[in-house]
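These notes concern the structure reproduced below.
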Amino acid sequence: MKDALSIEEARERFTEYLEVNKCRKTMERFAILEFIYMHDGHYCVDDIFSMLQQKYRVSKATVYNTLEHLCKANLVMRNVFEREAIAYYERFTLRPHHHVICLKCGSISNWYDDEVISLLQSKKIRNFRLQETSLHLYGKCIRCKIAKRDKSKQA
């Protein structure tokens, strides 16, 4: 099972979404889609804006508006991690996942564990129908853990 749509499939779906919703199909909108689909990771608006500004005349408003369209088209997912309260965007994945966030360097990684997802989906919650799950796990990534170990050896 593949994890995400190909860039071609994403472009096609976005074109269809823009046409159905009578939105303009601009080079900048497709550049934002391509940036997210060509780069693995989680990006805030400032990250996307900075990267695109090097090549396109794009405003932050265009980035915000396009990301909103991409979320509505189920091409991009928006995540807000409690500790920062900043929205991060990633390409929409076909396989459910959770996030592992480093408290030291702030790196964000996807964590796939079908057993955990099955366990959460099997839980019955009174007067509630579960549709999706999202776990945010906080700790230290291996790079920060190794860096701390190296510093303590030098002391």
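It should be emphasised that the depicted structure is a prediction, and the values quoted were computed from it without experimental measurement.
Separation of atoms OG (S122) and CD1 (I117) is listed at 12.0 Å; rounding is to 0.5 Å. Atom CD of E12 and atom OG of S6 lie 8.5 Å apart (nearest 0.5 Å). In this structure, L119 CG and K123 NZ are separated by 5.0 Å, a value rounded to the nearest 0.5 Å. Separating the CD1 atom in I48 from the OH atom in Y89 is a distance of 7.5 Å, to the nearest 0.5 Å. With rounding to the nearest 0.5 Å, the separation of CG in N79 from CD1 in I86 is 13.0 Å. Put simply, CD on E16 and CG on N21 are 10.5 Å apart, with the number rounded to the nearest 0.5 Å.
Proximity of V45 to Y64: side-chain heavy atoms (C-beta onward) are separated by under 4.5 Å at one or more points. Taking 4.5 Å as the limit, some side-chain heavy atom of R24 sits within range of a side-chain heavy atom of R29. For the pair F14 and K25, the minimum side-chain heavy-atom distance is 4.5 Å or more. The shortest side-chain heavy-atom distance between L70 and Y17 does not fall under the 4.5 Å cut-off. Contact annotation: the side chain of D46 approaches that of K60 to within less than 4.5 Å [non-hydrogen atoms, C-beta and beyond]. In this structure, L52 and E28 have side chains that are not in contact, with every pair of non-hydrogen atoms separated by 4.5 Å or more. H98 places a side-chain heavy atom less than 4.5 Å from the side chain of L120. The closest side-chain heavy-atom distance from T66 to V58 is not below 4.5 Å.
Contact between R11 and F30 at its shortest, heavy atoms only, is O-CE2, 3.9 Å. Among all heavy-atom pairs drawn from C102 and C141, the shortest one is SG-N, 3.3 Å.
A side-chain donor-acceptor contact under 3.5 Å links N110 and H42.
Counting heavy atoms of neighbouring residues, nucleotides and ligands inside a 6.0 Å radius, atom OH of Y138 exceeds 12 of them. Enclosure of atom CD in E8 by more than 12 non-hydrogen atoms of other residues, nucleotides or ligands within 6.0 angstrom is indicated.
Between Y88 and F81, the ring-plane angle classifies as tilted under the 30° and 60° cut-offs.
The side chain to side chain donor-acceptor pair (under 3.5 Å) test with E90 singles out one residue from H99, H39, R78, and that residue is H99.
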key: Working for side chain to side chain contact (heavy atoms under 4.5 Å, CB included), residues Y37 and F92   = CA-CA 9 Å; Y37 270 76; F92 187 85; 4.2 Å; yes
